[in-house]
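Heads up, the thing below is written out as structure tokens.
Just so you know, ligand 1 is whichever comes first in the structure, and atom 1 is the first atom listed for that ligand. Starting from 1, each residue takes its place in the sequence as its number. It should be emphasised that the depicted structure is a prediction, and the values quoted were computed from it without experimental measurement.
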Amino acid sequence: MTVLQLCPLLPSLETALTTHHRTVRLFEQPEGYLAEHGGEFRAAITSARVGVPDEVMDALPHLEAIVHFGVGYETTDVGRARARGIDVSNTPDVLTDCVADLAVGGLIDVMRRLTAADRFVRRGDWTTTAYPLATKVSGKKIGILGLGRIGRAIATRLSGFGVELSYHSRRPVDGVPYRYVDSPVALAAEADALVVAVAGGENTRGLVSADVLTALGPDGFLVNVSRGSVVDEPALVVALTDGKLAGAALDVFAEEPEVPAPLLDLDSVLLLPHIASATTETREAMGELAFRNLHHFLTEGSLLTPVP
Ligand code: NDP
């Protein structure tokens with residue numbers, strides 16, 4: 001059975017694919033390739049960033065499985081796939097630790113102004129000026145937007161800092177010691193920092209609205225390790241440039257790899273190139289899980305970690 005690969009993937013995953021299965025790299029085929037060959041594929045593998053666009057899915061009449069490298073899958077219309085009986089998988093859990101580690105690192109960075117202080121030292125400013133005071137992290141009120149796998153892992157880590165934790169998801173999570181708050185605005189209003197860990201996609205687009213940012217206020221911090229689409233980015237840029245938000249740690253942006261130009265000049269913002277899961281250990285684990293999903297489907301007929 002031939003596998004359709006939609007984009008470049010981790011080298012070790014590509015090696016496993018080509019060792020075990022005949023694989024066609026769609027991005028190296030001439031235009032119109034699928035019109036002629038689309039009927040040859042029962043499985044496709046792709047990244048969370050690329051997904052399977054509608055026009056590609058429609059050109060694959062015998063497609064039965066879509067395997068994503070990544071936990072987010074909002075780039076694939078899962079409803080459309082389901083309607084055709086196509087199964088979809090992602091790579092949950094194996095990246096949770098690294099994304100949570102980075103969220104906590106980003107929170108400490110912006111509140112204590114660490115990378116800004118590094119720039120201060122490198123510029124030679126320390127020889128003439130005292131570095132401005134930052135904001136304490138331990139003991140603060142932290143709101144987590146989206147208490148899923150990653151949100152819970154962030155909460156576990158932050159518990160060690162003696163912070164007061166509350167959260168918002170669409171429904172309360174059973175068996176957690178954190179306080180549920182019934183809206184993003186209410187969560188932001190009572191938090192010193194808001195950490196965003198919801199799923200991406202249309203359902204959460206603009207969830208961190210201008211009102212949420214206003215509620216967070218001029219002493220508040222925002223950390224986003226979810227998706228750029230979740231935050232009203234123009235409103236965030238205005239809030240940060242006008243001093244109506246104290247700072248932000250951003251791993252994700254609305255139009256990656258584009259970053260709003262005004263943010264480049266702000267010392268109060270940590271800008272990261274979507275690297276929350278980008279460690280050797282985690283990327284290898286993601287590649288292995290993506291491959292095991294594909295292999296299990298091709299040999300046993302089912303995916304190991306289908307999306308809910
Ligand atoms: P989960 O599915 O475990 O958690 C998603 C959370 O989002 C749940 O708590 C869910 O709760 C909540 N949620 C969904 N819709 C809404 C809504 N409309 N309002 C409020 N809460 C909502 O996923 P993970 O924790 O594994 O991953 C979360 C996201 O992190 C991924 O979808 C991805 O976008 C992002 N991510 C980013 C990475 C990076 O490199 N920066 C790497 C990996 C993941 P409920 O359903 O109860 O509302």
Side-chain angles (χ1 to χ4, degrees), residues 10 47-51 68-76 78 88-107 109 143-158 165-176 178-188 191 194-209 211-212 222-232 248-254 256-257 259 270-287 289-290 305-308:
L10 194 73
S47 67
R49 188 177 61 80
V50 171
H68 290 91
F69 173 89
V71 74
Y73 48 86
E74 71 278 1
T75 43
T76 296
V78 174
V88 180
S89 71
N90 62 347
T91 59
D93 299 315
V94 293
L95 45 64
T96 297
D97 280 342
C98 275
V99 180
D101 293 350
L102 183 125
V104 174
L107 179 71
D109 187 292
I144 299 183
L145 187 56
L147 200 71
R149 289 172 292 250
I150 293 169
R152 281 198 297 272
I154 294 168
T156 303
R157 282 156 177 73
L158 286 176
L165 282 163
S166 50
Y167 73 97
H168 171 75
S169 298
R170 284 169 298 185
R171 59 195 76 82
V173 177
D174 287 338
V176 295
Y178 321 118
R179 197 162 45 81
Y180 180 72
V181 178
D182 67 5
S183 81
V185 171
L187 184 69
L194 183 68
V195 183
V196 184
V198 291
E202 286 313 307
N203 157 44
T204 54
R205 184 173 294 281
L207 194 63
V208 179
S209 61
D211 287 346
V212 170
L222 179 77
V223 176
N224 188 10
V225 291
S226 157
R227 289 288 184 258
S229 58
V230 177
V231 176
D232 179 338
L250 307 172
D251 186 46
V252 286
F253 300 88
E256 294 172 10
V259 173
L270 176 68
L271 302 169
L272 300 174
H274 202 145
I275 53 166
S277 72
T279 64
T280 305
E281 296 89 336
T282 286
R283 287 288 166 86
E284 291 297 335
M286 290 164 65
L289 183 53
T305 53
V307 303

So, [X] side chain and [Y] main chain: donor-acceptor pair closer than 3.5 Å or not?
{"X": "S226", "Y": "V198", "value": "yes"}
{"X": "T282", "Y": "S277", "value": "no"}
{"X": "S229", "Y": "A254", "value": "no"}
{"X": "T204", "Y": "L207", "value": "no"}

Taking the minimum heavy-atom distance to [atom], which of [options] ranks first?
{"atom": "atom 28 (C) of ligand 1", "options": "G228, G148, A197", "value": "A197"}
{"atom": "atom 14 (C) of ligand 1", "options": "H274, R170, H168, R49", "value": "R170"}
{"atom": "atom 21 (N) of ligand 1", "options": "N203, V173, V198", "value": "V198"}
{"atom": "atom 27 (O) of ligand 1", "options": "I150, L95, D93", "value": "I150"}

Need the ligand 1 atom indices (1-based, order shown) with element for anything under 4.0 Å from a heavy-atom of [X].
{"X": "V225", "value": "35 (C), 36 (N), 37 (C), 38 (C), 39 (C), 41 (N)"}
{"X": "T204", "value": "15 (N), 16 (C), 17 (C), 18 (N)"}
{"X": "G200", "value": "32 (O), 34 (O)"}
{"X": "V252", "value": "41 (N)"}
{"X": "A199", "value": "5 (C), 7 (O), 32 (O)"}
{"X": "L207", "value": "19 (N), 20 (C)"}
{"X": "V99", "value": "42 (C), 43 (C)"}
{"X": "A276", "value": "39 (C), 40 (O), 41 (N)"}

Under 30°, 30 to 60°, or over 60°: which ring-plane class applies to H68 and Y73, parallel, tilted or perpendicular?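 Taking Y73 first and then H68, their aromatic rings sit tilted (interplane angle of 30° to 60°).
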How far does [atom1] of [X] sit from [atom2] of [Y], to the nearest 0.5 angstrom?
{"X": "D101", "Y": "I150", "atom1": "CG", "atom2": "CD1", "value": "11.0 Å"}
{"X": "I144", "Y": "L194", "atom1": "CD1", "atom2": "CG", "value": "9.5 Å"}
{"X": "R157", "Y": "D97", "atom1": "CZ", "atom2": "CG", "value": "4.5 Å"}
{"X": "L222", "Y": "L145", "atom1": "CG", "atom2": "CG", "value": "9.0 Å"}
{"X": "N203", "Y": "R170", "atom1": "CG", "atom2": "CZ", "value": "4.5 Å"}
{"X": "R227", "Y": "T75", "atom1": "CZ", "atom2": "OG1", "value": "7.5 Å"}

Are any of the N/O atoms on E74, whether in the backbone or the side chain, positioned under 3.5 angstrom from an N/O atom of ligand 1?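 N/O-N/O distance below 3.5 Å does not exist for this pair.
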Got an N/O contact under 3.5 Å between L147 and ligand 1?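 Yes; at least one N/O pair falls below 3.5 Å.
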Between R149 and D93, what is the shortest heavy-atom contact and its length?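 It is CD-OD1, 2.9 Å.
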Identify, for [atom], the protein heavy atom at the shortest distance, and state residue, atom and that distance.
{"atom": "atom 41 (N) of ligand 1", "result": "D251 OD2, 2.8 Å"}
{"atom": "atom 11 (O) of ligand 1", "result": "S169 CB, 3.5 Å"}
{"atom": "atom 44 (C) of ligand 1", "result": "V71 CG1, 3.2 Å"}
{"atom": "atom 2 (O) of ligand 1", "result": "R149 NH2, 3.6 Å"}
{"atom": "atom 47 (O) of ligand 1", "result": "R171 NH1, 3.2 Å"}

Under 4.0 Å, heavy atoms only, figure out whether ligand 1 is touched by the backbone of R227, its side chain, both or neither.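 The side chain, only.
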Determine whether any heavy atom of P92 lies closer than 4.0 Å to an atom of ligand 1.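 For ligand 1, residue contact (heavy atoms, under 4.0 Å) with P92 is absent.
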Does a side-chain heavy-atom distance below 4.5 Å link V173 with Y178?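 No - every pair of side-chain heavy atoms lies 4.5 Å or more apart.
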